[in-house]
Amino acid sequence: MSGSQLNQAQYEAVYYRGGPMLVLAGAGSGKTRVITERIAALVERDVPHDAITAVTFTNKAAKEMRERLFKRLGDAAKSLRICTFHALGLSMVREHAELLERKSNVSIFSGSEQKSAMRSVLTDMRLPSDADQVDRLLGRVSLLKNGLLDVEENNLTIVREAYDALLTRMNAVDFDDLMLLPIRLLSSHRDVQALWQARCRHLLVDEYQDSSRVQYAFIHLLVESKGNLTVVGDDDQSIYGWRGAEIKNLFQLEEDFPSLHTVRLEENYRSTHSILTAANTLIANNGERLGKTLRSNLGQGKPVRIWESPNGDEEGHRIAADIKARKAVAEAKGWDDFCVLYRASFLSRPIEIALRAASIPYHVSGGLSFFDRAEIQDTLAYLRLMGNPADDLAFMRAIARPRRGVGAKALSLLGEFAWKQECSLFEACLHDDLEHRLSHTLREFGEMVSGIEHLLIHGEPDDAFDALLERTQLEAAIRAEAADEDEAERRMNNVMELRRWWLRHREDGGDLASFLHHVFLASSKDDDDPEGQVRLMTVHAAKGLEFDHVYIIGVEDGLFPHKNALEENRLEEERRLMYVAMTRARYRLTMTYVRVRSRYGTKEKTTPSLFLNEPDQSVLRWVDKDVNSEEAKEEIDDAMAIFKAIAEKAKKNAR
DNA sequence: CTGCAGTGACTTTTT
DNA sequence: GTCACTGCAG
């Protein structure tokens, strides 16, 4: 964003002191700057740090905010409470754990642990426990927990209770609990509520349009109707409705906070006028919105290009050629000035192939996360077990890797014993009364883990981690299970990355429990900011980012807007998604569609998306339909420029 | 418990 | 067309 002066609307949003405020922040309107400046203003006004809380949805946003405040305020920023909703929930759970039948070293169950827990519940209840049922019930329990399921299903309630009880027994919570337990806490303990209301005397919420019903309830418990609540959001960028985000939370604020003051940030510092006009006139077709028109500061710019290609392969090659051309004519400095966006991830493949063929470096965002890798899960299983001995799932994963000959049979006997003794599986291993064919193996395992735990707590951080890899024979197992030397190296590198995190965390004075919490709440993609590569990602993943050159591919009927979304009556959300995609572009925006789209090995005839017809056509150039246009001529000039550039390079190489 | 072959699904996914 | 998961045989 240009300049250091705040514009009038930004100034108002930063310094307003009259209570609840809604900041409607359009794309590229300096939203993060407004939030950080507002926090800085509070600090400079001598509001105690402990009375300020800022919540975001992603770690990335929280991190960015913290970094900016650090630059702005120096070390004073350290003591500010800036975190995600879930991290805030976790700190409440930890602080008041005893009121929730938990301990402060509580485990956080995500994905696979939730599945294991649910599978175990269903098996115990003698219900079908195949993967489909586990997924279905987890989904329904989650809906139930989030108040999104009205039907009274007796069975479901019982399953939920059993699932919750199991998690409680293992001193664990799932992601839903990180919001629900704090809500329970705040609504049933006045003193706790008063404590946190004081800590949220100034509460700022980012990306408010993504909040769910539960998060709304959470916010309400933290701020009274005249409180200093600042919510920043953009109804036009609400794209997570399918996941429970309720855009109406934004519309409803006025009712719940009658003195609500609304500020609109409509000055855009990102995109050219052409791009904004296209985006504005597209989103104007939505009925459910508060209304906002972005104004550009950057001049007219190039028209938005629309390309037709015969098929996906051609679409890819053409984009690859164009990227080279833009770079050759110095419209871009580096590969990372380019981004290719798509509605569905299967569209990335032909683009990848084309970029590779053109020797253009690229990076696909999303995909497997660091923490989903088997070697990381295995290593973490040991750490989790040491961090929370009640975590039976961690125990089961740890004892199975590497193989110790302890199979399902031995585990179920151990489970029975633990049940009778009312202890965890891990404690059962070390129990004096344990009599079992494998009790020697189990005891040895228990003592080994205890020994490493002792090192982790009292020893040197690096020794402890190495002991973990060595004494458990994890490293040997990881290497043995790898298909080849390269894979073994890669896997161990991942583990070493985890080791570095652990060392850094210990240097900062953190303990094992906080390390695990950090790891489980950290998004896998925190550090994924690859430099010098063309970025490929879904539109959802692109929210909050910006690029000089953006290509939106697959802008076809049935794909974008997506057929399933239309069936579920979510055309407006699809339009917002397109709006988000378009407003990522700073300088040049290109939208492409194909005549024949290959999918599942079949070829389907397609028609261009209605989202290409809705924008003001005067800022669009349908290049293929208008070969004599200025833009088409320009393209030819650009193509000539690449040929020249390539020829020159070839000459240089020849010398 | 492991490895392979057959089967089915395929929109987006923070924490 | 590809991948991931299931189920059966070894």
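Per chain, numbering begins at 1; letters A, B, ... match sequence-line order.
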Report task. Could you pull out all residues at least two apart from A:Glu207 that satisfy salt bridge (Lys or Arg N to Asp or Glu O under 4.0 Å)? Result ->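 Partners of A:Glu207 under the salt bridge (Lys or Arg N to Asp or Glu O under 4.0 Å) test: A:Lys31, A:Lys543.
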Query raised in the report: For atom P, what is the distance between C:dC5 and B:dT12, given to the nearest Å?
Result: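 Each nucleotide's P atom is 16 Å from the other's.
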Query raised in the report: What distance, rounded to whole Å, do you find between the two C1' atoms, one in C:dC3 and one in B:dT14?
Result: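 Rounded to whole Å, the distance is 25 Å.
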Query raised in the report: A:Phe57 stacking on B:dT14: centroids under 5.5 Å, ring planes under 30°?
Result: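 The base of B:dT14 is not stacked with A:Phe57 (the test needs centres under 5.5 Å and planes under 30°).
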**Report entry** Cation over ring face, A:Arg160 and A:Tyr163, 6.0 Å, 45°
**Finding:**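 Negative - A:Arg160 is either too far from the ring of A:Tyr163 or too far off its axis.
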Between [atom2] of [N] and [atom1] of [X], the distance in whole Å:
| X | N | atom1 | atom2 | value |
| --- | --- | --- | --- | --- |
| A:Asp210 | B:dT13 | CG | P | 13 Å |
| A:Leu181 | B:dT15 | CG | C1' | 15 Å |
| A:Met179 | B:dT14 | CE | C1' | 12 Å |
| A:Lys60 | B:dT13 | NZ | P | 13 Å |
| A:Asp135 | B:dA9 | CG | P | 13 Å |
| A:Ile353 | C:dG1 | CD1 | P | 12 Å |
| A:Glu352 | C:dT2 | CD | C1' | 13 Å |
| A:His517 | B:dT15 | NE2 | P | 16 Å |

Query raised in the report: Is the shortest distance from a Lys or Arg side-chain nitrogen in A:Glu614 or A:Arg575 to a carboxylate oxygen in the other one below 4.0 Å?
Result: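 A salt bridge is present here (some side-chain N lies under 4.0 Å from a carboxylate O).
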Query raised in the report: Does a donor on one side chain sit under 3.5 Å from an acceptor on the other, for A:Thr592 and A:Glu315?
Result: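 Checked: A:Thr592/A:Glu315 side chains pair up, N/O donor to acceptor below 3.5 Å.
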Query raised in the report: Going by atom types only, do A:Glu352 and A:Tyr362 share a side-chain donor-acceptor pair under 3.5 Å?
Result: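 Yes - a donor-acceptor pair under 3.5 Å links their side chains.
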Query - Minimal non-hydrogen separation, A:Leu559 against A:Arg343, with atom names - result: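 Between these two residues, the closest heavy atoms are O-CG, 3.0 Å.
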Any N/O pairs under 3.5 Å between the protein and nucleotides 10-12 of chain B? List them or say none.
residue: B:dT11; atom: O4'; partner: A:His562; partner atom: NE2; Å: 3.3
residue: B:dT11; atom: O2; partner: A:Arg343; partner atom: NH1; Å: 2.9
residue: B:dT11; atom: O2; partner: A:Arg343; partner atom: NH2; Å: 2.3
residue: B:dT12; atom: OP1; partner: A:Ser345; partner atom: N; Å: 2.7
residue: B:dT12; atom: OP1; partner: A:Ser345; partner atom: OG; Å: 2.4
residue: B:dT12; atom: O4'; partner: A:Arg343; partner atom: NH2; Å: 3.3
residue: B:dT12; atom: O2; partner: A:Trp242; partner atom: NE1; Å: 3.3
residue: B:dT12; atom: O2; partner: A:Arg343; partner atom: NH2; Å: 2.5

Report task. Report yes if some heavy atom in the side chain of A:Phe395 is under 4.5 Å from a heavy atom in the side chain of A:Ile399; otherwise report no. Result ->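 Side-chain contact under 4.5 Å: yes.
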